[in-house]
Novice: 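Below are the structure tokens for one structure; questions will follow.
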Amino acid sequence: MEIPSAVPCCTPVQTAPFSDDDAEELASILKALADPVRLRLVSLIAAAEGGEACACDLTEPTGRSQATVSHHLGQLTKAGILQREQRGKWAWFRVDDVRLGGVCAALCTPAT
């Protein structure tokens, strides 16, 4: 699978100061990621076979209830970090590589 090139969510920090809108957008994404359970969910999904996971398979490895996992998955999806696809009664998730790559591109200084 080819990973798409990262599209920054905002102006890269080393290029110019963030605008108010860029800072708000980036902060909302980082806020969604600033939870250990959510970070674990992102890593579990990203590392899963085929790069996707069913919500039903994420309760046991996180040690959280289905309701709690669903809440966290919803927050990650709302922030654009995860993409959700309904298959029958189950929701499947995959990491949005472009969105996550954009966060990295906005914060990271390119290698010289």
Side-chain angles (χ1 to χ4, degrees):
M1 177 176 106
E2 183 178 324
I3 296 175
S5 60
V7 177
C9 65
C10 46
T11 304
V13 71
Q14 71 274 10
T15 304
F18 290 139
S19 68
D20 287 342
D21 288 343
D22 286 350
E24 284 288 330
E25 182 178 1
L26 185 57
S28 71
I29 297 167
L30 293 173
K31 182 178 178 182
L33 287 169
D35 180 282
V37 174
R38 292 181 192 160
L39 284 173
R40 180 120 165 86
L41 287 167
V42 170
S43 71
L44 287 165
I45 294 165
E49 186 175 333
E52 64 181 8
C54 177
C56 61
D57 295 326
L58 298 170
T59 55
E60 190 264 321
T62 60
R64 301 299 195 275
S65 71
Q66 182 66 46
T68 298
V69 168
S70 292
H71 169 75
H72 287 303
L73 291 170
Q75 294 300 308
L76 291 165
T77 301
K78 182 178 175 183
I81 297 159
L82 297 180
Q83 297 173 346
R84 182 184 187 278
E85 180 184 341
Q86 192 70 33
R87 298 181 194 165
K89 74 176 204 171
W90 294 109
W92 286 76
F93 295 87
R94 74 174 33 256
V95 174
D96 187 322
D97 293 325
V98 173
R99 181 77 159 169
L100 201 55
V103 172
C104 293
L107 293 175
C108 298
T109 305
T112 53

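Any value given below was found using the heavy atoms of this structure, including those in side chains, with hydrogens, waters and symmetry copies removed.
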Novice: Taking only residues two or more places apart in sequence, or in another chain, which ones meet Glu24 in a salt bridge (Lys or Arg N to Asp or Glu O under 4.0 Å)?
Specialist: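 Listed in chain order: nothing, the list is empty.
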Novice: Residues two or more places apart in sequence or in another chain: which of them pass side chain to side chain donor-acceptor pair (under 3.5 Å) with Arg38?
Specialist: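 In terms of side chain to side chain donor-acceptor pair (under 3.5 Å), with neighbours along the sequence ignored, Arg38 is linked to His72.
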Novice: When rounded to the nearest 0.5 angstrom, what is the spacing between CG in Leu26 and CG in Asp22?
Specialist: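 Taking CG in Leu26 and CG in Asp22, the distance rounds to 8.5 Å.
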Novice: Flag the pair Val37 / Leu41 as yes when at least one side-chain heavy-atom distance between them is below 4.5 Å, and no otherwise.
Specialist: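 Val37 reaches Leu41 side chain to side chain.
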Novice: Locate the shortest heavy-atom distance separating Ala32 from Leu76; write the atom from each residue and the value.
Specialist: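 Between these two residues, the closest heavy atoms are O-CD2, 3.7 Å.
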Novice: Do Val103 and Ile81 make a side-chain contact, defined as non-hydrogen atoms from C-beta onward lying under 4.5 Å apart?
Specialist: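 Not touching, per the 4.5 Å side-chain cut-off.
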Novice: Indicate yes or no: at least one non-hydrogen side-chain atom of Ile45 is less than 4.5 angstrom from one of Leu58.
Specialist: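 In short, these two side chains touch, coming nearer than 4.5 Å.
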Novice: More than 12 heavy atoms of other residues, nucleotides or ligands under 6.0 Å from CD of Glu60: is that the case?
Specialist: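 Check fails, neighbour count at 12 or below.
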Novice: I need the Glu52 CD to Trp92 CH2 distance, nearest 0.5 Å.
Specialist: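 Rounded to the nearest 0.5 Å, the CD-CH2 separation comes out at 6.0 Å.
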Novice: Is a side-chain donor or acceptor of Gln86 paired with a backbone partner of Gly88 at a separation under 3.5 angstrom?
Specialist: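 The answer is yes, because a donor-acceptor pair under 3.5 Å joins these two groups.
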Novice: Do you know the tightest heavy-atom contact between Ala91 and Arg84?
Specialist: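 Taking Ala91 first and Arg84 second, the nearest heavy atoms are CB-NH2, 3.5 Å.
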Novice: Is there a donor-acceptor pair closer than 3.5 Å between any side-chain N or O of Arg99 and the backbone N or O of Ala79?
Specialist: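 Checked: pair present.
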Novice: If hydrophobic clusters are built by linking Ile, Leu, Val, Met, Phe, Trp and Tyr wherever their side-chain heavy atoms come under 4.5 Å apart, do Ile29 and Leu39 end up in the same one?
Specialist: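 Yes.
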Novice: Taking all non-hydrogen atoms of both residues into account, name the closest pair between Phe93 and Ala55 and its distance.
Specialist: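 That closest heavy-atom pairing would be CE1-CB, 3.9 Å.
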Novice: At their closest point, which heavy atom of Cys56 faces which heavy atom of Gln66, and how far apart are they?
Specialist: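 In this case the closest contact between Cys56 and Gln66 is CA-OE1, 4.1 Å.
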Novice: State, with a plain yes or no, whether a side-chain heavy atom of Asp57 is found less than 4.5 Å away from one of Cys54.
Specialist: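 With C-beta onward as the side chain, the pair touches.
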Novice: Could you check if a side-chain atom of Leu33 sits within less than 4.5 angstrom of a side-chain atom of Leu100, using non-hydrogen atoms only?
Specialist: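 Sidechains of Leu100 and Leu33: in contact.
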Novice: Same cluster or not: are Val95 and Trp90 linked, directly or through other Ile, Leu, Val, Met, Phe, Trp or Tyr residues, by side-chain heavy atoms under 4.5 angstrom apart?
Specialist: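 Shared cluster, no.
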Novice: Holding to side-chain contact (heavy atoms from CB on, under 4.5 Å), I want the full list of residues that pass it with Arg40, two or more places apart in sequence or in another chain.
Specialist: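 Listed in chain order: Leu44, Pro61, Thr62.
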